[in-house]
Protein chains: 2
Amino acid sequence: MKLITRNTDYALRAICYIAKENKIVTAPELVKVLGVPRPFMRKILQRLSKEKILESHKGQAGGFKLNLLPKKISIIQIMHIFQGQTGLDGCFLKKDICPNRGKCILRKKIRVIENNALTQLRQINIAVLIKG
Amino acid sequence: MKLITRNTDYALRAICYIAKENKIVTAPELVKVLGVPRPFMRKILQRLSKEKILESHKGQAGGFKLNLLPKKISIIQIMHIFQGQTGLDGCFLKKDICPNRGKCILRKKIRVIENNALTQLRQINIAVLIKG
DNA sequence: GCTTAATGATACCATATTAGTATCTTTTGT
DNA sequence: ACAAAAGATACTAATATGGTATCATTAAGC
Ligand code: FES
Ligand code: FES
């Protein structure tokens, strides 16, 4: 039941910090503030800017700032980036597709629960998180 | 977002089968029916009987049967057995406890979502799953 | 009582995912 | 030119999960 992973957590914290500061923030600054290993933080930031969540500025006095309004960044997007597709199947039968697939009750129930969770996750955006 | 793991899935399928048959079922039979690797299935069954979900009978003509009414076996119990504690923290800050812990909004939100999922999972029991 | 077919216990290996590191190149303000 | 930033990429480590192998123990049935 691990909803969010470490990557995602770090990413969210970084984004929140950048959102609060509302200025260009450098990787070293984030490393200091969040206490995350430097190369790891950099990797995460690169990913976020590649995904257009952040906007990066190279060169001296460079850094990162948000590329979207905090309101427009849902945590589910970030989960997507670092954890791949969110939905899953609920049936692990070997390699082949389970013959029972259509009727499987467990499968259906799990689907519903997942969708509920996803709906709730979609509501949470950065604006919500930084607002005390 | 992997709600249930392979272990759990296999276990649930085994339990459902045993519940439907409503007799003593052997590991080899389950292996055949469910198409799960034999030693793996055995390991799962052993665990289930150790946890008092199943009742095991040794010796020739031995096997497993349910130790509880299907209604009394919630899938969350099985998740517990094979996936450990279900709740988690939502904060991954290094080793120490996050100073922000108390106020952290993300944390709270995640908690709520998890609890909702858990509540829903608690509703699902074997009786529900085997009822067409 | 001996054989056989079952489970109990345990220790081990394989694979995938996640976490983290290292290194080198490119860009840009001063 | 130089320094300080990000870009790119390839590698290693740790952990969790999935799966295997082996040997001991129990009990029904002849
Ligand atoms: S048993 Fe295969 S989908 Fe549920
Ligand atoms: S940032 Fe530590 S609990 Fe949320």
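The sequence lines fix the lettering, A, B, ..., with proteins before strands; numbering per chain opens at 1. As a basis for the values below, the full set of heavy atoms in this structure was taken, side chains included, without hydrogen atoms, waters or symmetry mates. Values in this document were obtained by computation on a predicted structure and should not be read as measured data.
- Between L66(A) and E55(A) there is no side-chain heavy-atom pair separated by less than 4.5 Å.
- Interface remark: the K43(B) side chain does form a donor-acceptor pair with the dG19(D) base, using a distance-only criterion of under 3.5 Å.
- Side chain of T5(B) to backbone of T8(B): no donor-acceptor contact under 3.5 angstrom is found.
- Distance, E55(B) CD to dG8(C) C1': 16 Å, rounded to whole Å.
- For the 3.5 Å distance criterion, the side chains of Q120(A) and N116(B) qualify, holding a donor opposite an acceptor.
- Summary of the strand contacts: F82(B) and P39(B) both lie near DNA chain D, and taking for each the nucleotide with the nearest heavy atom, the more 5' one is attributed to F82(B).
- Within the structure, a side-chain polar atom (N or O) of T5(A) is placed less than 4.0 Å from OP1 or OP2 of dA19(C).
- Atom CZ of F40(B) and atom C1' of dT17(D) are 8 Å apart (whole Å).
- One atom, CD of Q46(B), and another, P of dA9(C), lie 7 Å apart when rounded to the nearest Å.
- Among the atoms of the strands shown, none is found under 4.0 Å from any heavy atom of R38(A).
- Counting to the nearest Å, the P atom of dC2(D) and the NZ atom of K58(A) are 21 Å from each other.
- The nearest whole Å value for the distance from the CZ atom in R47(B) to the C1' atom in dT7(C) is 17 Å.
- Checked by distance alone, Q60(B) brings no side-chain donor or acceptor within 3.5 Å of a matching partner on the base of dG29(D).
- Side-chain nitrogen and oxygen atoms of N7(A) include at least one within less than 4.0 Å of the OP1 or OP2 phosphate oxygen of dA19(C).
- Smallest separation of non-hydrogen atoms from I105(A) and L129(B): CD1-O, 3.2 Å.
- At a threshold of 4.0 angstrom between heavy atoms, the contacts of F64(A) are confined to the sugar-phosphate backbone, with no base atom among them.
- Protein atom CD1 of I44(A) is 14 Å distant from nucleotide atom P of dG7(D), rounded to whole Å.
- Not one side-chain nitrogen or oxygen of Y10(A) sits closer than 4.0 Å to the OP1 or OP2 atom of dA19(C).
- An OP1 or OP2 oxygen of dG8(C) is reached within less than 4.0 angstrom by a side-chain nitrogen or oxygen of S56(B).
- Atom NZ in K23(A) sits roughly 12 Å away from atom P in dA5(D) (whole-Å rounding).
- Between T8(B) and P28(A), the residue anchored nearer the 5' end of DNA chain D, judged by the nucleotide with its closest heavy atom, is P28(A).
- Applying the 4.0 Å criterion to OP1 and OP2 of dT7(C), one finds that S49(B) has every side-chain N and O outside that range.
- When distances are taken from the side chain of K50(A) to each of dA6(D), dA8(D), dT7(C), the shortest belongs to dA8(D).
- Distance L45(A) CG to dG7(D) C1': 12 Å, rounded to the nearest Å.
- R6(B) has a side-chain polar atom (N or O) that falls below the 4.0 Å cut-off from OP1 or OP2 of dG19(D).
- Taking only side-chain atoms of A61(A), from C-beta outward, the nucleotide of dT21(C), dT20(D), dG29(C) with the closest atom is dG29(C).
- Side-chain contact check for Y10(A) versus V36(A): some heavy-atom pair is nearer than 4.5 Å.
- Crowding of R38(A) atom CZ: a count of heavy atoms from other residues, nucleotides or ligands under 6.0 Å not exceeding 12.
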